[in-house]
Every structure is written in C-alpha cells, then in structure tokens.
**Student:** 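Questions regarding the structure given below will be posed in turn.
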Amino acid sequence: MSAAPVRVRFAPSPTGFLHVGGARTALFNWLYARKHGGTFILRVEDTDDARNTQEAVQVIYDGLKWLGLDWDEGPLVGGEFGPYFQSQRNAIYERYLGQLRDAGHLYDDAGATRFRSLRQTVRVEDAVCGSIDFDLSDPATHPDMTIRRPDGSWIFHFVNVVDDIEMKISHVIRGEDHLSNSPKHVELYQALGVKPPVFAHIPLILKKDGKGKMSKRDEGSSVASYMVDGYAPEAVRNYLCLLGWSPKDNREKIEIADVIPLFDLDKINRGNAAFDLEKCAWLSGEYFREMTNERHRELARPALERAGIDLSAFPPAYVDAALDTCKGKVRLLKDLPAYAGFYFTDDFTYDPQAAAKHFTAESKPRLEAARDALAALEPFDALAIEAALKALTAQFRIKIAMLLHPLRLATTGSSAGPSLYHLLEVLGKEKILARVERALSHI
RNA sequence: GACCCUAUCGUCCAGUGGCCUAGGACAACGGCCUUUCAAGCCGUGAACACGGGUUCGAAUCCCGUUAGGGUCGCCA
C-alpha cells in the first residue's frame, strides 16, 4: 500500500446552477478528505467559456459555503497546483496534447483531434462498485473520443484527466453517470503513462418518484432552492450524508463531526436513491429546534429581511428576543415571516376564521379584564403574565384556553404562534394594550 | 438496441447464512399531553421483485427472468 496523500476534488462546470447531486458529490469528497487528513480541491471546469460567468462561479462558491464544505485548494484560496480554472490552463493541455501526439495516439478528423482507442478490455477499479471490465473493442459502440474541437477548445475527458494528473488527485469520487466514461479515461492515463487514481462512483439522486435522475426542473434539484426556502444548512448536509450512506446504527440526526470518522468509500450504497424533501424538511426542523439561539438568529434575520421586514427599525435586543420565541417553531425559514411578522408591524389583519370563533360577545369582557390585569402587572415577564391570566380564569370560571385564544388573536392576528406568555413579554405592555384596544373595536 | 450499475415497507437506511414471526427514520393513521401551532410520548398499518439452485438452514451466496437507473456527443 502506498502512502500517497489523499487528494480529492470537486470539479463542477459553472452553469449558474449547483445541483443537489453535485453538492452530495462534493460532500462525499470533502468527507473523504477530512477523514484521511487529505486535501479537498475545488476545480472549475469552464472549458465552454461562452457559459462561464462570474455569477455562475459565485453560485458554486455560495452553495458550497452554505453547506459548510470548505476547500483547501482552488479559487479564492489558491494552492500550488493552480490555476484552478480550466480556462486558464491552456499551456498545460497543449503540453499533454504534444505528448500524446508524439506517441502516435492522436489523429485529425475534420479539424478535430481524436484519440485512437487501444481497442482493449479495460478494467476499472472502483471503490464503490468493485472491478468492472469494459470491452472497448467495437468502434461502433465505443467510438474514438474527440479531445479537441476544431476551434481549439478542449473536451471534458481530456482536460479532466490531465488536471487530475497535474493536481495529483488520488481518488476520483464522482457521480455514477461517469462510470461509463471511466474506461476512456483509463486509456488516457495509460497513453500518458500514469497510473489511474482510485475511482469511486457514487449512486445518483433520483427524483421523488424514482423515475429518472433529478434534473434542473425538479423541485429541490438546486442547492439555491434550499437556501431560499430557509432549510437549516446543517440539516441539508446531514440529509445528503444519509442518501447512499448511513452510520449503521439507525441515527438520523448526526453531527458532521461524527460522520467524518465513520465515513468510507466502501460503505457507500450502490443503488440510486430518491430524494425525500419531506424528510429533509423534518431534519431541518430538528436542527432549528436544537441549535443555539445565536445560530438561529444568524439564520433567521436574513430570512426576515428577505421578506421585506426591516429589522434595523427595531432595537436589537427586541429582535433577538422575538426570534428566540420562534426558534424551532417552523421547519423552513420561509415560513418565519408569516409566523413572526406580528412582532414587526402593528398593521396586521385578523385571521377571519379565528376571528369568527374567538372575537365574540363572551370574549369581550374577558379581553377587557386581561387588558386591565396586564396593564397593572409589574414586573412584566412571562411568568407573571401566566400567573395573572390564570387568576382571571377563576373569576370567569372558564378554561384558560378560552381566554388565551382571543388574546392571541388580538395581539398577533393569528391562531397559531409562539408561546403566548413569552410573546406578550417580548411585545411589551404598550403594544399589547394598543392591540387589545384595536381588537375590542372589532368585536 | 448495446454496454454498465442496482433490486428490503410509499421513501431513505439497517440487515453481510441461523439472533428476522425482518429493525429504525420520514410520510400516513389513531391516541395521550397541552396556552395555539408545532414538538414530545404511546400505538397501528406497511417490504425481503419473481423463478431456479447451493446449504441442515437464505433477505443474506450463485444463475436466470423481470423491473428501475445510467452511458453510448466536437456537453460536463
């Protein structure tokens, strides 16, 4: 066994879209590197420069960063094997092309450069799928691959292999859709006189019904969609770990630090997996519930800002306290503005169904009594509020729910929300009294 | 069509010859708890694709069938 250092890479093409399957490929590479103290490299395969834009590259950075997948070499961080954009590696490709040409592996075909297959049986050693033999003897089914177009631009197979050689990649961990490409790549390694890396083809992510691989049009196929919907990033990363891998002990929620030592290539499943957004959302809820208040605020603030709520108009301590009462109450942050909006505007409407039910003649005197009790209350905290409201139930001889429902509706406009006692404490006396007054006028 | 991969509840995962009358999770359904909504707790239904072998014994090993997925580009 050689002690060659583990060097893996994620090599996306900047299309302006980071596929969730690509993200998982990046994750598995990252896990493997972290487990072995290796190097995780980001390489941008922008051979088709018509599509290559700064925004498209940014999408990749943003998605990886959001998932917490930091790269050790690549754009933004540098490294000794750069540049990390294929569009900037032309001289290197020319050099390797010359090597192949000198060895007689190439021929011209209408201006394009093609690699003459050795017409052999190629064995691909795959850490996930095992050894697979491919018979390349029939040109009809395995035509010679083109490696350079007439316009001088490069084809994926060639530059991908050259870069993996140049960057000393030890393990090529990629989607199973590349499995059939591997024998071609192995032939290139042979022609270049380089020992191929270890391959590991990981199963594909299928759409929810399992019919075909998840594609751009499918819900949840883009990492950006999870960012927009407000999933907990650690939950999406956790869910991705569980697609094709498992800790073997029935754990579902598992910290990434606990995944690293357990992860290994030969533990990866061979079968494709359908993506279950529902379970991913459930995990998101679990993470929100258990994360620290600070982490939750950090994620929640931008979600509210994006919905047009200007948090800077409120005292930071108020915003923090308000967000803390909402932590773990929604699974996705996109639902937070509707859930917590009442904290940040007095101009809300009453849920019509709830109003019909709770803004009644009976509730009017109760609301008035609650208003008076709260007005006189000192100190004004959740505990005291609870005690004061409970005292009222004896007076009216009702279950406390009969008092809390109308009060919640009056102060938040909704029949669902954070703990009423806590929300009232955060809202404060002044707002509460004004809101109850407004509600009374509607009854 | 050719080649390659795969095959356990609707979905994800556990199970690597006996501990399996197959376990967990999401989802579904029922109940409890409860200041709303969630959450939590308890419970129910739900699977080894099929056919042959091998073996004292198979979800686990072999072969075939079927089904699903992938690849067959001057896309990556």
Side-chain angles (χ1 to χ4, degrees), chain A residues 11-15 19 22 45-48 51 86 109-114 124 126 128-130 132-136 138 140-143 145-151 153-157 159-160 174-184 201 203-206 208-213 239 241-253 269-283 285-286 288-289 326 328-331 335 339 354 358 382 385-386 389-390 393 399-405 407-409 412 414-424:
Chain A
S13 181
T15 60
H19 192 274
E45 305 220 331
D46 56 346
T47 53
D48 187 353
R51 291 191 303 190
Q86 289 188 328
D109 177 21
T113 306
R114 306 186 73 131
V124 174
D126 191 289
V128 174
C129 303
I132 305 162
D133 290 332
F134 292 87
D135 178 4
L136 305 187
D138 184 359
T141 52
H142 295 89
M145 68 182 131
T146 303
I147 65 178
R148 192 176 204 181
R149 302 184 189 90
D151 70 359
S153 60
W154 306 97
I155 301 294
F156 156 75
H157 303 292
V159 291
N160 186 265
R174 62 188 4 170
E176 199 203 84
D177 48 345
H178 283 299
L179 185 54
S180 303
N181 286 329
S182 296
K184 293 183 201 171
H201 288 92
L204 268 18
I205 295 180
L206 272 24
K208 192 166 173 52
D209 61 5
K211 298 282 182 197
K213 63 177 174 180
Y239 181 76
C241 285
L242 264 22
L243 230 40
W245 177 87
S246 109
K248 308 284 186 196
D249 57 8
N250 287 337
R251 264 183 294 178
E252 306 288 337
K253 181 169 184 282
N269 291 164
R270 308 249 226 117
N272 297 335
F275 198 101
D276 186 356
L277 276 169
E278 195 61 49
K279 186 163 183 177
C280 189
W282 166 77
L283 253 184
E286 293 290 300
F288 280 130
R289 196 166 302 115
C326 300
K329 301 289 282 185
V330 295
R331 303 198 302 183
D335 296 324
Y339 191 83
H358 299 299
I385 291 166
E386 178 171 4
L389 293 176
K390 278 187 173 154
T393 62
K399 288 178 68 173
I400 194 156
M402 300 307 291
L403 178 60
L404 300 188
H405 284 300
L407 188 53
R408 172 184 296 281
L409 188 59
T412 73
S414 171
S415 59
S419 159
L420 185 64
Y421 307 131
H422 294 85
L423 129 209
L424 291 177

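Below, read A as the first sequence line, B as the second, and so on, with proteins coming before strands; counting in each chain starts at 1. Values below: all heavy atoms of this structure, side chains included; hydrogens, waters and symmetry mates excluded. Model, not experiment: these values are computed from the prediction.
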**Student:** Just N and O in the side chain of A:Thr146: are any of them under 4.0 Å from OP1 or OP2 of B:C74?
**Tutor:**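 So the side chain of A:Thr146 is within the cut-off, an N or O lying under 4.0 Å from OP1 or OP2 of B:C74.
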
**Student:** Heavy atoms under 4.0 Å, any strand shown: does A:Gly175 hit a base, just sugar-phosphate, or nothing?
**Tutor:** nothing

**Student:** Please name the nucleotide paired to B:C41 by Watson-Crick or G-U wobble geometry with both distances under 3.5 Å, or report none.
**Tutor:**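 By the stated definition (distances under 3.5 Å), B:G31 pairs with B:C41.
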
**Student:** Pick base, sugar-phosphate or nothing for A:Arg289, based on heavy-atom distances below 4.0 Å to the nucleic acid.
**Tutor:** sugar-phosphate

**Student:** Let's test this: given Watson-Crick or G-U wobble pairing with both distances under 3.5 Å, identify the partner of B:G73.
**Tutor:** none

**Student:** Could you tell me whether A:Asp276 contacts a base, only the sugar-phosphate backbone, or nothing, with contacts defined as non-hydrogen atoms closer than 4.0 Å?
**Tutor:**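 Base: the residue A:Asp276, judged by heavy atoms under 4.0 Å, touches a nucleobase.
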
**Student:** How many Å lie between CD on A:Glu45 and P on B:A76, as a whole number?
**Tutor:**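 Checked: the CD to P distance equals 9 Å.
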
**Student:** Between A:Ser182 and A:His201, is any side-chain donor less than 3.5 angstrom from a side-chain acceptor?
**Tutor:**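 A pair is found: one side chain offers a donor N or O, the other an acceptor, under 3.5 Å apart.
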
**Student:** Consider the side chain of A:Ala273, meaning its heavy atoms from C-beta on, and name the nucleotide among B:U35, B:C75, B:C13 that approaches it most closely.
**Tutor:** B:C13

**Student:** Is any side-chain N or O of A:Arg408 closer than 4.0 Å to OP1 or OP2 of B:U35?
**Tutor:** no

**Student:** On the nucleotide B:C75, are OP1 or OP2 found under 4.0 Å from the side-chain N or O atoms that A:Arg149 carries?
**Tutor:**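 For A:Arg149, the contact criterion (side-chain N or O under 4.0 Å from OP1 or OP2 of B:C75) is met.
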
**Student:** Within less than 4.0 Å of OP1 or OP2 of B:A27, is there a side-chain N or O belonging to A:Arg331?
**Tutor:** yes

**Student:** For a quick check of understanding: with a heavy-atom distance under 4.0 Å over all strands, which category does A:Pro150 fall into, base, sugar-phosphate or nothing?
**Tutor:**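 Base, at least one base heavy atom under 4.0 Å.
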
**Student:** Side-chain N or O of A:Lys213 versus OP1/OP2 of B:U71: is the shortest distance under 4.0 Å?
**Tutor:** yes

**Student:** Can you tell me the Watson-Crick or wobble partner of B:U36, both distances under 3.5 angstrom?
**Tutor:** none

**Student:** For the side chain of A:Phe156, starting at C-beta, report the closest nucleotide among B:A25, B:G70, B:A76.
**Tutor:**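 Comparing B:A25, B:G70, B:A76 against the side chain of A:Phe156, the answer is B:A76.
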
**Student:** If you compare every side-chain N and O of A:Asn250 against the phosphate oxygens of B:C13 (OP1, OP2), does one of them come in below 4.0 Å?
**Tutor:** no

**Student:** With rounding to the nearest 0.5 angstrom, report the CG to CZ distance, A:Asn181 to A:Arg174.
**Tutor:** 6.5 Å

**Student:** Any side-chain N or O of A:Asn269 less than 4.0 Å from the OP1 or OP2 oxygen of B:C5?
**Tutor:**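 Checking B:C5 against A:Asn269, no side-chain N or O comes under 4.0 Å of OP1 or OP2.
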
**Student:** Counting side-chain heavy atoms from C-beta on, which of B:C5, B:A76, B:C37 comes nearest to A:Asn181?
**Tutor:** B:A76

**Student:** Of the nucleotides B:G69, B:A27, B:C4, which has the atom closest to the A:Phe134 side chain?
**Tutor:**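 Between B:G69, B:A27, B:C4, the one nearest the side chain of A:Phe134 would be B:C4.
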
**Student:** For A:Arg251, report the nucleic acid contact type (base, sugar-phosphate, nothing); a contact means any heavy atom under 4.0 Å.
**Tutor:**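 If one applies the 4.0 Å heavy-atom cut-off, A:Arg251 turns out to touch nothing in the nucleic acid.
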
**Student:** Name the nucleic acid region contacted by A:Gly328, choosing base, sugar-phosphate or nothing; use a 4.0 angstrom heavy-atom cut-off, strictly under.
**Tutor:**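 A:Gly328: no heavy atom of the nucleic acid under 4.0 Å.
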
**Student:** Using a 4.0 Å heavy-atom cut-off across all strands, classify A:Pro203 as base, sugar-phosphate, or nothing.
**Tutor:**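 Counting heavy atoms under 4.0 Å across all strands, no contact is made by A:Pro203.
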
**Student:** Between the side-chain atoms of A:Lys248 and the base atoms of B:A14, is any donor-acceptor pair under 3.5 Å?
**Tutor:** no

**Student:** Does A:His201 reach a base, just sugar-phosphate, or nothing at all? Heavy atoms under 4.0 Å.
**Tutor:**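 Touches nothing.
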
**Student:** With the side chain of A:Glu252 defined as its heavy atoms from C-beta on, choose the nearest nucleotide among B:A25, B:U36, B:G10.
**Tutor:**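 Side chain of A:Glu252 sits closest to B:A25.
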
**Student:** Just call it for A:Gln86: base, sugar-phosphate, or nothing, with non-hydrogen atoms closer than 4.0 Å on any strand.
**Tutor:** nothing

**Student:** What nucleic acid atoms does A:Ser415 come within less than 4.0 Å of, heavy atoms only: base, sugar-phosphate, or nothing?
**Tutor:**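 Contact class for A:Ser415: base.
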
**Student:** Check whether any side-chain N or O of A:Thr47 sits under 4.0 Å from OP1 or OP2 of B:A76, and answer yes or no.
**Tutor:**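 Indeed, a polar side-chain atom of A:Thr47 lies that close.
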
**Student:** With both distances under 3.5 Å as the test, what is the Watson-Crick or G-U wobble partner of B:C20?
**Tutor:**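 Matched B:C20 with nothing under the 3.5 Å cut-off.
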
**Student:** Have a look at A:Glu278 and say if it touches a base, only the backbone sugar-phosphate, or nothing, with a 4.0 Å heavy-atom cut-off.
**Tutor:**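 Sugar-phosphate only.
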
**Student:** Which is true for A:Leu420 with a 4.0 Å heavy-atom rule: it touches a base, it touches only sugar-phosphate, or it touches nothing?
**Tutor:** base

**Student:** When we call it a touch if two heavy atoms are under 4.0 Å apart, what does A:Tyr421 touch: a base, just sugar-phosphate, or nothing?
**Tutor:** base

**Student:** Which nucleotide in the list B:U35, B:A76, B:A27 gets nearest to the side chain of A:Ile400?
**Tutor:** B:U35

**Student:** Identify which nucleotide among B:C37, B:A76, B:G73 has an atom closest to any side-chain atom of A:Ala416, counting heavy atoms from C-beta outward.
**Tutor:** B:C37

**Student:** Pick base, sugar-phosphate or nothing for A:His142, based on heavy-atom distances below 4.0 Å to the nucleic acid.
**Tutor:**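 If one applies the 4.0 Å heavy-atom cut-off, A:His142 turns out to touch nothing in the nucleic acid.
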
**Student:** For the side chain of A:Glu286, counting heavy atoms from C-beta on, which of B:A39, B:A76, B:A2 is nearest?
**Tutor:**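 Looking only at side-chain atoms, A:Glu286 lies closest to B:A39.
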
